[in-house]
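The sequence lines fix the lettering, A, B, ..., with proteins before strands; numbering per chain opens at 1. Reckoned from all heavy atoms, side chains included, excluding hydrogens, waters and symmetry mates. Small disclaimer: the values here were computed from a predicted structure and weren't measured.
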2 protein chains.
Amino acid sequence: MKRDMKKEVFREFIAREGLKSTRQRDIILDFFLSSKRHMSVEELYRKLRARHPGIGYATVCRTLKLFAQSGIAHEIHFGDGQTRYEHLVEGEHHDHLVCTGCGAIAEFENKTIEDLQKDVADSHGFIIHSHKLELYGLCAKCRK
Amino acid sequence: MKRDMKKEVFREFIAREGLKSTRQRDIILDFFLSSKRHMSVEELYRKLRARHPGIGYATVCRTLKLFAQSGIAHEIHFGDGQTRYEHLVEGEHHDHLVCTGCGAIAEFENKTIEDLQKDVADSHGFIIHSHKLELYGLCAKCRK
DNA sequence: TCCTAATTGAAAATGATAATCAAAATACAT
DNA sequence: ATGTATTTTGATTATCATTTTCAATTAGGA
Ligand SMILES: [Mn+2]
Ligand SMILES: [Mn+2]
Ligand SMILES: [Zn+2]
Ligand SMILES: [Zn+2]
């Protein structure tokens with residue numbers, strides 16, 4: 001369903017751009033779509049390597065970038081020097097709560113906030129193409 | 001006024017932490033406080049070097065970090081791989097509009113958004129310690 | 001199948017920041 | 001003012017994630 005939709009979107013991207021469908025890209029895509037969200041490249045690579053030792057780190061990096069370009073994934077930077085990716089379909093959007101204690105990540109959407117962002121941008125004459133809202137703090141567990 | 005207040009805060013930090021007041025720290029602090037906001041370390045270093053060729057890059061990095069620790073400055077990451085700093089006094093806060101066309105940065109505050117962030121955090125059992133809200137798009141000029 | 005262009009993986013390069021370390025500077029106690 | 005322990009500096013080197021390079025491999029159309 002969602003999963004196959006993303007695979008289809010990527011397949012079309014590959015075709016449109018004159019790229020090639022390869023064994024590695026298929027494997028990485030399958031693995032990525034069935035993995036937990038917000039994994040760092042390193043983490044994803046380590047886990048992937050367990051099943052597919054032949055796939056190189058450079059290929060993983062390159063392929064994740066392609067996923068982002070194709071629109072089925074999004075690059076995330078939480079400020080720890082690691083690039084993370086999460087898969088999402090066109091039109092999906094959410095922001096993040098990040099626990100600085102245990103690293104837990106919660107997702108949220110808030111239409112009112114987004115509307116207010118638009119107001120802010122309007123009042124400055126800006127057109128918003130994207131935004132990033134991250135709330136850093138302690139999750140319920142880590143508050144003790 | 002504001003400027004001397006920040007210098008005073010840093011002076012107290014230096015004393016409290018058992019650090020030493022040095023010529024380099026004074027020069028960098030003066031330069032930083034009178035520079036435009038959101039400068040990258042590299043940019044600040046280049047401009048500083050024009051007047052003070054003897055000061056090393058490592059010292060600039062270290063000193064800016066100290067400013068952040070002391071509370072008179074804030075580290076910013078706009079996702080371009082460059083660390084930026086801006087000076088602000090305790091209690092000051094604002095978020096950013098970033099023009100992806102010309103790099104212009106506008107600052108804004110929105111109490112309603114911050115309140116809604118608190119609500120979101122509450123509903124997830126989180127306590128917020130900090131947050132990052134950045135709106136990316138085109139400024140009035142760059143929209144054409 | 002053949003051919004060409006794209007892709008791969010290992011290794012090297014990159015780029016920003018951090019660590020190292022001998023020499024210099026600072027803050028105190030005398 | 002002088003000595004002295006400690007911190008700081010700046011040049012250099014290391015780090016670390018990501019990107020680039022490039023020869024070998026692979027994909028996919030003719
Ligand atoms: Mn997410
Ligand atoms: Mn600012
Ligand atoms: Zn937590
Ligand atoms: Zn602009």
Rounded interatomic separation in angstrom, taking [atom1] from [X] and [atom2] from [N]:
X       : N      : atom1 : atom2 : value
B:His52 : D:dT9  : NE2   : P     : 14 Å
A:Arg62 : D:dA17 : CZ    : P     : 18 Å
B:Tyr57 : D:dT13 : OH    : C1'   : 16 Å
A:Gln82 : D:dT18 : CD    : C1'   : 11 Å
A:Ile55 : C:dA10 : CD1   : P     : 11 Å
A:His77 : C:dA16 : NE2   : C1'   : 14 Å
B:Arg11 : C:dT26 : CZ    : P     : 17 Å
B:Leu64 : C:dA18 : CG    : P     : 10 Å

Practice task
Check whether the ring centres of A:Phe32 and A:Phe67 lie less than 6.0 Å apart, and answer yes or no.
Solution key: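 Under 6.0 Å, so yes.
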Handout entry: Out of C:dA19, D:dT9, C:dA10, whichever nucleotide has its closest atom nearest the side chain of B:Thr59
Key =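 The answer is D:dT9.
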Exercise for the section: Measure from the side chain of A:Thr83, starting at C-beta and using heavy atoms only, and say which of D:dT18, D:dG10, C:dT17 lies closest. Expected result: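 It is D:dT18.
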Problem - Residues A:His77 and A:Glu75: side-chain donor-acceptor under 3.5 angstrom - result: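 Yes.
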Practice task
Please lay out, stage by stage, how B:Lys7 and B:Asp26 fare under the test salt bridge (charged side-chain N to carboxylate O under 4.0 Å, His left out).
Solution key: CA-CA 9 Å; B:Lys7 290 174 86 162; B:Asp26 288 343; over 6 Å; no
Exercise for the section: Please work out which of the three classes, parallel, tilted or perpendicular, describes the rings of B:His96 and B:His94, given edges at 30° and 60°. Expected result: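 Judged by the thresholds at 30° and 60°, the geometry between B:His94 and B:His96 is perpendicular.
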Exercise for the section: Not counting sequence neighbours, which residues clear side-chain hydrogen bond (donor to acceptor under 3.5 Å, both in side chains) with B:His131? List them please. Expected result: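 Listed in chain order: B:His93, B:Asp95, B:Glu114, B:Gln117.
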Practice task
Taking only Lys NZ, Arg NE, NH1 and NH2, and the carboxylate oxygens of Asp or Glu, determine whether B:Glu43 and B:Arg46 approach each other closer than 4.0 Å.
Solution key: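 No, no charged N to carboxylate O under 4.0 Å.
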Practice task
Please list residues of residues 14-45 of chain A whose heavy atoms come under 4.0 Å from any atom in DNA chain D, ordered by number; otherwise none.
Solution key: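 Result for residues 14-45 of chain A: A:Lys20, A:Ser21, A:Val41, sorted by number.
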